[in-house]
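Everything on this sheet refers to the single structure shown next.
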Amino acid sequence: MCRAAARHRVTAAVLGTTTGLTAAAYCDWSDDSTGLFAIGVGMVALVTLAGTAAVSAVTGAAARRAGSH
């Protein structure tokens, strides 16, 4: 993720990481008979999206600053 963000591919870093973690959570939790796994998967998707967006933005900014010197 950080390498992609440093190469100015922030969208790919965020969506790739979010999709991978969300798919893994879905595959692992989908056998839950209560159906509450969907709430957990949704929470994983939202939190991963927010976290990776923040890390990618900081990494991209640091890479731009380092490249300008």
| field | Within one Ile-Leu-Val-Met-Phe-Trp-Tyr cluster: Leu49 and Val10, side-chain cutoff 4.5 Å | value | yes
| note | For Ser56 and Val14 the tightest heavy-atom approach is OG-CG2, 3.8 Å
| query | Partners of Thr11 by side chain to side chain contact (heavy atoms under 4.5 Å, CB included), sequence neighbours excluded? | reply | Leu15
| said: For the CG atom of Asp28 and the CZ atom of Phe37, what is their distance to the nearest 0.5 Å? | reply: 11.5 Å
| Closest heavy-atom pair and its distance - Val44, Thr48 | O-OG1, 2.7 Å
| request: To the nearest 0.5 Å, tell me how far Arg64 CZ sits from Thr59 OG1. | output: 10.0 Å
| message | Applying side-chain contact (heavy atoms from CB on, under 4.5 Å) to Leu36 and Trp29, what does each step give before you reach the verdict? | response | CA-CA 9 Å; Leu36 291 175; Trp29 300 340; over 6 Å; no
| message | Are more than 12 heavy atoms, taken from residues, nucleotides or ligands other than Tyr26, located less than 6.0 Å from that residue's OH atom? | response | no
